[in-house]
Amino acid sequence: MEGNWTLLTEFVLRGITDRPELQVPLFLVFFSIYVITMVGNLGLIFLIWTDPHLHTPMYLFLGNLAFADACTSSSVTPKMLMKFLNKNDMISLGECFSQFYFFCSSATAESCLLVAMAYDRYVAICNPLHYVVAMSKRLCVQFICVSYLIGLLHALLHVGLLFRLTFCSSNKIDHFYCEILLLYTISCTDPSINALVAFIFAFSIQLSTFMSIIVSYIRVLFAILKTKSEKGRSKAFSTCSAHLVSVSLFYGTLFVIYVLSGFDTDSYQGKIYSLFYTIFIPLLNPFIYSLRNKEVLGALRKLTK
C-alpha cells in the first residue's frame, strides 16, 4: 500500500463523455460559455467599479458575487476544456487538491454573500429610514471579508483532511473535476472521518445560510404586503426578484445534488447536476441581475456612449 501511494502522483479525470465525436462540439460549447461567463461577471464588476451611482451596498455585494462566480467557473472549466482539446485527462495530486480548494472556497463564499444580499434587501425594505446607518460601508466590508474568510477556512479544512488519505486501488475519477466525494470512494484509507466532517460542515453552512435568507425574505414579504402603494409593492418585488431567482438556482441545485442524488455522484446524472452548479449558474447570474435592473442598464448605456 505504501509503495503504491508513493508511486501514485496523478489522477485520471474521465470527463463528461468518452465519445470522440463529441469532444470538439463540447469544447466549442463550453469555451463559448466560459468566455461569456467571464465577460459577463468581470464586465459587471468593471461597471460597478467605474459608475459612482452603483457604489452602494447592494452593488458592492453584487460585484463580489460576480467575482465568486468567476472564480468558481475558472476553477473547473479550463481543465475540462484541455481534456476536450488534447485528451489531457491527467491531473496531479497537487492540482487536484488545489482545484477543489478554489472551487470550495468560492462556492462557500458565494453562499455567504447571498445571505449578505438578503440582509441588505431586508434593511432596505423593512427599515428604509435607517438604511444608510444600518448598512454602513464598514459593515458591508465586514460582511464581505467574513464571507471570504469562511470560504477559505472551509476549503482549507477539507483539503487538510484529504492529506490523511492514501490512494492505491484506483486513480480514476469519473467526473470532469476533482469532486471530493469521489476522492473518498477511491481512497485506500477509511474516509469515514472526512465524510462525516464534510457532511456536518456542508449541512451546517447550507442550512444556516438558506434559513437566514428565508427568514429575511419572510420579513420582507410581510413588509411588502403591508405597503398600501401599488407602485411601492411593485418596486419592492422588482428589487428582490433577481436575488430570489439566483438563490433558487443556487440552493435548488445543491439540494438536488446532495439530498436527492445522495452520494451517487459518479453517475452521468450527477455530472449533469454538477455542470449546472459549476458552469451554468456563474453564466446566468450576471444576466439575472442585469437584464431587469434599470441602474445597471443605465450605467451600461453611459459607458457605451
Side-chain angles (χ1 to χ4, degrees), residues 33-75 77 102 105-125 127-128 131-152 209 212-213 216-217 220 235-250 278-305:
I33 289 174
Y34 183 61
V35 170
I36 296 171
T37 299
M38 298 307 291
V39 170
N41 284 291
L42 297 182
L44 186 58
I45 294 171
F46 178 76
L47 200 63
I48 293 170
W49 180 268
T50 55
D51 194 316
H53 295 96
L54 301 182
H55 293 177
T56 62
M58 181 175 72
Y59 292 107
L60 182 63
F61 293 138
L62 180 55
N64 281 274
L65 184 72
F67 176 74
D69 278 331
C71 291
T72 299
S73 182
S74 295
S75 66
T77 310
F102 287 111
S105 57
S106 58
T108 305
E110 181 169 350
S111 65
C112 296
L113 288 168
L114 289 172
V115 173
M117 295 175 74
Y119 179 73
D120 173 76
R121 292 300 84 202
Y122 158 71
V123 176
I125 293 173
N127 297 292
Y131 180 76
V132 176
V133 177
M135 292 303 297
S136 64
K137 184 177 180 180
R138 181 181 177 183
L139 181 63
C140 293
V141 172
Q142 288 175 343
F143 266 133
I144 292 167
C145 291
V146 169
S147 297
Y148 287 125
L149 182 62
I150 291 174
L152 293 172
T209 53
S212 298
I213 293 170
S216 295
Y217 274 104
V220 166
K235 184 178 179 181
F237 274 120
S238 66
T239 60
C240 296
S241 59
H243 185 240
L244 285 172
V245 171
S246 181
V247 167
S248 300
L249 289 173
F250 186 84
T278 58
I279 306 295
F280 292 111
I281 288 180
L283 168 70
L284 295 173
N285 271 345
F287 297 101
I288 290 171
Y289 285 103
S290 301
L291 291 179
R292 293 187 61 191
N293 191 308
K294 294 180 181 179
E295 291 177 313
V296 173
L297 293 175
L300 184 61
R301 289 191 198 99
K302 284 192 290 184
L303 188 67
T304 53
K305 283 183 179 178

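Note that the coordinates shown come from a computational prediction; the quantities given were computed from them, not determined experimentally.
Looking at Y131 and D120, their side chains come closer than 4.5 Å, going by heavy atoms from C-beta outward. At least one side-chain heavy atom of Y122 sits less than 4.5 Å from a side-chain heavy atom of Y119. You'll find the side chain of C145 reaches within 4.5 Å of the side chain of V141, heavy atoms only. Considering only heavy atoms from C-beta on, I144 comes within 4.5 Å of L113 through its side chain. When side chains are defined from C-beta on, C240 counts as touching I125, because their heavy atoms get closer than 4.5 Å. In this structure the side chain of I213 never reaches within 4.5 angstrom of the side chain of M117, judged on heavy atoms. In this structure, the side chains of L65 and E110 come closer than 4.5 Å at one or more pairs of heavy atoms. D69 is not listed as a side-chain neighbour of T37, based on a closest heavy-atom distance of 4.5 Å or more.
The two residues Y59 and L54 make their nearest non-hydrogen contact at CB-O, 3.0 Å. Nearest heavy atom pair, residue I33 against residue F280, reads CD1-CE2, 3.6 Å. Taking every heavy atom of both residues into account, T77 and I279 meet most closely at OG1-CD1, 3.2 Å. The two atoms that bring P282 and N41 nearest to each other are O-ND2, 2.9 Å, heavy atoms only. Here the shortest heavy-atom pairing between S216 and A118 reads CB-O, 3.9 Å.
Once rounded to the nearest 0.5 Å, the distance linking CE of M135 with CG of N127 reads 11.5 Å. E295 contributes atom CD, which lies 5.5 Å from atom CE of M58 (distance to the nearest 0.5 angstrom). S248 OG to I288 CD1: the interatomic distance, rounded to the nearest 0.5 Å, is 9.5 Å. Here the SG-CG distance, from C140 to N64, works out to 10.0 Å after rounding to the nearest 0.5 Å. The distance from atom OG of S105 to atom CG of L149, rounded to the nearest 0.5 Å, is 11.5 Å.
Residue H55 places its NE2 atom among more than 12 non-hydrogen atoms of other residues, nucleotides or ligands, all under 6.0 Å distant. In this structure, F67 places its CZ atom where only 12 or fewer heavy-atom neighbours from other residues, nucleotides or ligands lie under 6.0 Å away. For Y148, the OH atom sits in a packed shell: over 12 heavy atoms of surrounding residues, nucleotides or ligands are nearer than 6.0 Å. The local environment of NZ in K137 is sparse, with at most 12 non-hydrogen atoms from other residues, nucleotides or ligands closer than 6.0 Å.
Relative ring orientation between F143 and F61 is described as perpendicular, the plane-to-plane angle rising above 60° on a 0-90° scale split at 30° and 60°.
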What do the steps show when you test I45 against I48 for side-chain contact (heavy atoms from CB on, under 4.5 Å), and what is the final call? CA-CA 5 Å; I45 294 171; I48 293 170; 6.0 Å; no
Go through the steps for I150 and T108 under the test side-chain contact (heavy atoms from CB on, under 4.5 Å), then give the verdict. CA-CA 7 Å; I150 291 174; T108 305; 3.9 Å; yes
Could you please spell out the steps behind the side-chain contact (heavy atoms from CB on, under 4.5 Å) verdict for T72 and I281? CA-CA 10 Å; T72 299; I281 288 180; over 6 Å; no
Might you work through the side-chain contact (heavy atoms from CB on, under 4.5 Å) test for L114 and S246, ending with a clear yes or no? CA-CA 9 Å; L114 289 172; S246 181; 4.1 Å; yes
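In this structure S147 satisfies the side-chain hydrogen bond (donor to acceptor under 3.5 Å, both in side chains) test with no other residue, sequence neighbours excluded.
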